[in-house]
Amino acid sequence: MSEAGYDFKSIEEKWQRYWREHRVFEAEADESKPKYYCLEMFPYPSGRIHMGHVRNYAIGDVIARLKRMRGFNVLHPMGWDALGLPAENAAIKNKTHPEKWTHENISHMRAQLQRIGFAYAWERELATCDPAYYRWNQHFFIRMFNRGLAYRKGAQVNWCPRCLTVLANEQVVAGGCWRCATAVEQRVMEQWFLKITDYAEQLLGDESLLKLWPEHVLTMQENWIGRSEGARVRFSVESIGDIEIFTTRVDTIYGATFLAVSPQHPIVAKLLDGSPHATECRAFIAECEAERAQRREVVEKRGVPTGRDAINPFTGRPVPIYLANYVLMEYGTGAIMAVPAHDERDHEFASRYGLPITEVIAPPDSSADTNGVYTGEGRLVSSGPFDGLPSQEARQKMAAHADDKGFGRASITYKLRDWGISRQRYWGTPIPMIYCDACGIVPERFENLPVKLPAGVEFTGSGSSPLGQVPEFLNTTCPTCGRAARRETDTMDTFFDSSWYFLRYVSPRLDSAPFDSREVNYWLPVDIYIGGIEHAILHLIYLRFFTKFLRDEGLVELSEPIPKLLTQGMVTLGGSAMSKSRGNVVDPDSITEKYGADALRLFILFAAPPDKGLEWSEHGIEGAARFLGRIHSFVASTTPLFACRRQGEWGPESRELLRKLHQTIKKVTRDIESRLHLNTAVASMMEFLNVLESAADRVRAEANGASALCECAEKLILLASPFTPHLAEEWWELTGHSRCVALSEWPAFDDELAKEDVVEVVVQVNGRVRGRVLCPHGSTETDTFSLSEADPKIAAALAGKTVVKRVYVPNKLLNIVVR
RNA sequence: GCGAAAGUGGCGGAACUGGCAGACGCGCUGGACUUAGGAUCCAGUGGGCAACCGUGGGGGUUCGAAUCCCCCCUUUCGCACCA
């Protein structure tokens with residue numbers, strides 16, 4: 001026996017074995033039953049399970065277990081996001097192969113998860129590093145290539161000098177690598193990209209199908225996609241050509257007093273050719289490059305004149321062209337029209353260099369203090385034929401005008417860029433492309449997949465792609481012409497792997513296809529997806545994109561795979577995230593060792609609602625263990641009574657207790673199923689136990705009291721079972737049940753039984769509580785008022801006053817307004 | 001700077017649609033049992049002697065506000081020259 005008063009260790013082992021041997025949580029498609037697909041984000045096998053995982057998976061486990069007891073055919077799988085950098089870094093450091101390191105971590109972490117008793121369909125476990133899995137990554141990649149969705153281009157990329165690889169824009173956080181925070185450099189490399197931008201509009205539009213996603217996640221995605229409506233307009237430059245700009249405020253174009261071009265803009269070379277300012281410009285470009293390489297934060301706006309002018313097609317007048325460090329090559333067209341009177345950035349630049357500021361928008365409220373810049377809307381002035389138009393109308397007319405005259409058009413621009421997936425690393429999915437001198441870039445044949453990662457690789461960390469150093473891998477023959485050819489040596493971003501794993505779970509061992517469509521049609525969509533908020537943009541945009549691609553390929557019927565999302569909050573200790581560097585990590589194993597898995601699960605669910613942050617507390621878990629000990633004692637004391645059979649009516653004490661029981665069943669059910677407030681579900685079970693304990697002696701003393709106590713014990717065990725499954729099984733068995741509790745039916749609540757016959761109505765006088773009266777349920781306002789007048793305290797508050805008004809909320813409150 | 005969310009006892013948090021603020025747990029105080037108690041059980045626990053006062057601060061709407069509206073402060077998280 002332990003401190004807890006029950007031998008959790010052997011109880012946990014016993015039931016974990018039982019569940020495994022009886023395949024209790026394995027899932028089979030069954031058209032005769034409604035399905036429920038409960039999914040949690042699979043972990044990266046870093047080595048150990050941490051508290052964030054425990055919380056994430058405990059939340060999912062309660063939901064999955066409850067749904068099973070509610071009669072659903074539940075799919076609740078688990079797997080491993082098993083490719084990625086840390087394995088390779090460990091390989092360099094420890095001279096172990098990434099595969100070995102990964103598999104050892106998986107074994108350890110699987111055992112940890114099993115010790116916490118999560119109800120997973122383990123037979124469906126998958127790992128993305130398995131060639132049988134990543135084969136389908138390659139398959140999908142080739143289909144994307146064939147569809148024109150995967151393409152190669154030389155691009156300026158984010159390069160992490162520490163991880164020695166390229167990072168997607170999404171993986172650059174505040175100028176640093178998302179994994180190691182090393183300052184990211186810019187390099188130009190040939191890369192594979194996926195045309196996620198083709199789906200920008202759908203990704204936005206289909207947000208309407210995601211009503212059960214947290215609002216802020218959708219907002220983050222919208223901001224990330226960054227749709228802007230505006231216009232593109234071409235300014236001509238004598239003997240050079242056109243410079244196209246993008247603007248959302250074409251209504252201010254008459255106020256454009258200069259053009260600002262990114263130093264990286266391809267036209268710069270032509271602009272400088274023969275320009276007297278070429279030397280200064282080149283120096284400026286070099287400076288900007290140096291600054292960008294260092295990723296210096298918020299630089300002041302600077303620039304140099306190119307000595308050339310461009311013609312504003314609306315006014316026909318020339319404006320000087322500047323190179324400016326605040327114009328991004330990656331967004332829009334890499335060039336802007338600068339309107340200092342109506343844009344703060346342009347204003348700052350113009351003020352610095354003494355450029356003219358021409359006001360063309362009159363604010364609706366002329367008294368508005370604009371500090372020299374008015375960025376709002378208004379009526380156009382000094383804008384030729386467009387004078388007097390309101391901004392919005394002017395934008396339409398001016399875009400149409402540009403279109404008519406052939407120098408521009410209305411246009412939509414997105415912040416979202418194509419997804420760069422090439423990684424110069426070993427431990428990822430090989431990109432299944434072949435370079436043939438005769439045929440060019442050719443995909444591997446489908447029947448030759450998977451292109452497997454070669455075994456004999458040296459992990460030196462020296463920089464270039466490890467796969468390029470393996471001749472047996474690198475050298476191949478062209479699938480088209482049969483001549484000698486070279487393989488692509490880059491591997492895929494691991495977000496590719498996790499973009500479709502939820503589909504693989506439905507048929508994880510299938511060899512002939514990535515997934516069985518019948519199974520997909522049965523199990524999908526995912527009914528609830530639970531994971532960390534940190535994936536709000538990356539993973540959760542990619543998997544939406546991927547699903548739309550698969551739909552367009554005819555492989556799935558869905559547009560959105562996950563209609564309901566729960567983002568759980570972080571687990572903190574001392575107010576900050578647990579991390580090795582801070583030295584504030586609490587290891588789940590040490591907790592299960594000391595208090596048991598059930599206490600750990602219960603506490604982590606009780607301490608805060610799932611979507612909020614959770615502050616870890618060792619004291620808190622003691623409270624959870626105490627609660628379990630009390631149920632254990634109660635169950636033990638009730639066990640001998642289970643032979644009793646009820647005869648006749650419940651006694652008054654029993655009736656009262658059963659009322660509380662049914663109120664509790666109602667609340668627990670609702671809190672889990674509709675509100676996802678698992679913390680209050682636990683609280684109401686605790687509340688019920690408090691009532692149960694204090695009433696037990698009185699109840700037992702009356703007729704049928706023993707039956708009432710048995711009823712309470714039985715239902716309480718069922719309610720607790722999703723939270724503390726091992727003890728619940730043990731109690732269930734102790735009280736004489738043969739079928740395991742995990743497969744038992746969730747208790748139904750009886751509204752009639754739950755209803756109070758007598759309610760306490762709060763009586764206020766002028767909004768202040770002056771007393772409480774006991775009334776029969778459903779009493780009228782008049783009856784309640786009469787009762788109130790009889791109460792001495794209330795009567796005192798009413799004495800000498802005139803009742804002006806009464807507000808009555810049946811069964812709850814009576815407010816008497818007096819003067 | 002922009003955007004979003006949140007501020008409730010000593011602490012984590014409850015209060016679902018505007019209707020008893022502080023459920024439940026931790027901690028604390030006192031007591032019981034005990035060789036012992038960091039076990040268990042019982043009682044108490046927002047502040048104030050009271051009337052009363054209390055949900056970050058100030059206004060407002062309402063019979064009634066933690067909840068709705070306006071202004072301010074603080075914290076957290078996103079985005080951060082996106083034209």
Side-chain angles (χ1 to χ4, degrees), chain A residues 3-5 173-175 214-220 222-224 226-228 230 245-250 252 260 297-301 324-328 330-339 342-346 348-349 375 413-417 533-534 536-537 569-570 575 602-603 606-609 611-624 626-627 629-630 633 667 670-671 674-675 677 679-690 693-694 760-772 804-809 811-818:
Chain A
E3 295 172 39
V173 178
E215 189 60 41
H216 65 283
V217 173
L218 295 177
T219 306
M220 281 164 78
E222 277 165 33
N223 293 340
W224 190 260
R227 182 184 199 272
S228 284
I245 59 100
F246 172 74
T247 179
T248 55
R249 291 298 302 272
V250 70
T252 64
E297 294 269 315
V298 195
V299 273
E300 50 177 355
K301 291 180 186 35
N325 66 345
Y326 71 99
V327 180
L328 304 173
E330 307 85 68
Y331 182 75
T333 60
I336 61 167
M337 65 173 201
V339 185
H342 304 294
D343 182 286
E344 279 171 22
R345 296 154 302 183
D346 298 344
E348 190 187 327
F349 190 90
T375 57
T413 293
Y414 302 91
K415 264 164 67 176
L416 182 73
R417 323 243 167 95
I533 183 69
E534 65 272 20
I537 40 178
M570 230 180 11
L602 190 70
F603 169 70
F606 171 65
D611 54 334
K612 300 275 167 51
L614 182 149
E615 175 68 12
W616 178 260
S617 148
E618 183 102 14
H619 290 304
I621 198 161
E622 284 173 15
R626 217 169 294 166
F627 170 66
R630 282 164 56 202
S633 311
K667 179 153 173 57
R670 229 171 74 85
D671 281 353
S674 345
R675 299 208 312 154
H677 281 201
N679 56 327
T680 53
V682 175
S684 55
M685 287 190 279
M686 289 174 165
E687 200 181 329
F688 176 63
L689 182 67
N690 291 344
E693 285 176 335
S694 56
E760 195 182 61
V761 174
V762 171
V763 183
Q764 297 180 334
V765 178
N766 287 348
R768 288 163 177 268
V769 180
R770 293 299 176 192
R772 294 171 176 86
V804 181
K805 187 178 175 182
R806 298 193 307 227
V807 182
Y808 181 59
V809 182
N811 304 320
K812 268 191 182 158
L813 175 133
L814 176 67
N815 188 11
I816 305 162
V817 185
V818 298

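Here is the naming used below: chain letters follow the sequence lines, and residue numbers restart at 1 for every chain.
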So which nucleotide from B:A14, B:G19, B:G12 ends up closest to the side chain of A:Asn679? B:A14

Taking any heavy-atom pair under 4.0 Å as a contact, classify A:Lys812: base, sugar-phosphate, or nothing. sugar-phosphate

Pick base, sugar-phosphate or nothing for A:Gly332, based on heavy-atom distances below 4.0 Å to the nucleic acid. nothing

Answer whether the closest heavy-atom distance between the side chains of A:Thr680 and A:Lys667 falls below 4.5 Å. yes

Hey, does A:Arg770 reach any base, or is it just sugar-phosphate, or nothing, if we go heavy atoms under 4.0 Å? sugar-phosphate

Would you state whether a donor and an acceptor, one from the side chain of A:Lys301 and one from the base of B:C81, lie under 3.5 Å apart? yes

Mind checking A:Asn223 for me? I need base, sugar-phosphate or nothing, with any heavy atom below 4.0 Å counting as a touch. nothing

Regarding A:Val762, tell me which of base, sugar-phosphate or nothing describes its non-hydrogen contacts under 4.0 Å with the strands shown. base

Atom CD of A:Glu222 and atom P of B:C2 are separated, to the nearest Å, by 20 Å

Checking all strands, does A:Asp346 fall into the base, sugar-phosphate, or nothing category for heavy-atom contacts under 4.0 angstrom? nothing

Under 4.0 Å between any heavy atoms, over every strand shown, what does A:Glu615 touch: base, sugar-phosphate, or nothing? Just pick one. nothing

Atom CE of A:Met685 and atom P of B:G25 are separated, to the nearest Å, by 12 Å

Answer with base, sugar-phosphate or nothing: what part of the nucleic acid does A:Arg626 contact at a heavy-atom distance below 4.0 Å? sugar-phosphate

Candidate nucleotides B:A83, B:G13, B:C20, ranked by approach to the side chain of A:Ala608 - the nearest: B:G13

Which is true for A:Val339 with a 4.0 Å heavy-atom rule: it touches a base, it touches only sugar-phosphate, or it touches nothing? nothing

P gap between B:G44 and B:C26, integer Å: 16 Å

Under 4.0 Å, heavy atoms only, any strand: does A:Gly613 hit a base, just the sugar-phosphate, or nothing? sugar-phosphate

Show me the dot-bracket string of RNA chain B, counting Watson-Crick or G-U pairs under 3.5 Å, with | for pairs to another strand and [ ] for crossing ones. (((((((..(((......[....)))((((((.......))))))((....))..(((((..]....))))))))))))....

At 4.0 Å (heavy atoms only), tell me whether A:Asp671 reaches a base, stays on the sugar-phosphate, or touches nothing. nothing

What's the gap between B:G22 and B:G3 when it is taken at their C1' atoms, as a whole Å value? 33 Å

Students often get this wrong, so: under 4.0 angstrom with heavy atoms, is A:Thr248 touching a base, only sugar-phosphate, or nothing? sugar-phosphate

So, do A:Val682 and A:Phe603 sit near enough that their side-chain heavy atoms are less than 4.5 Å apart? no

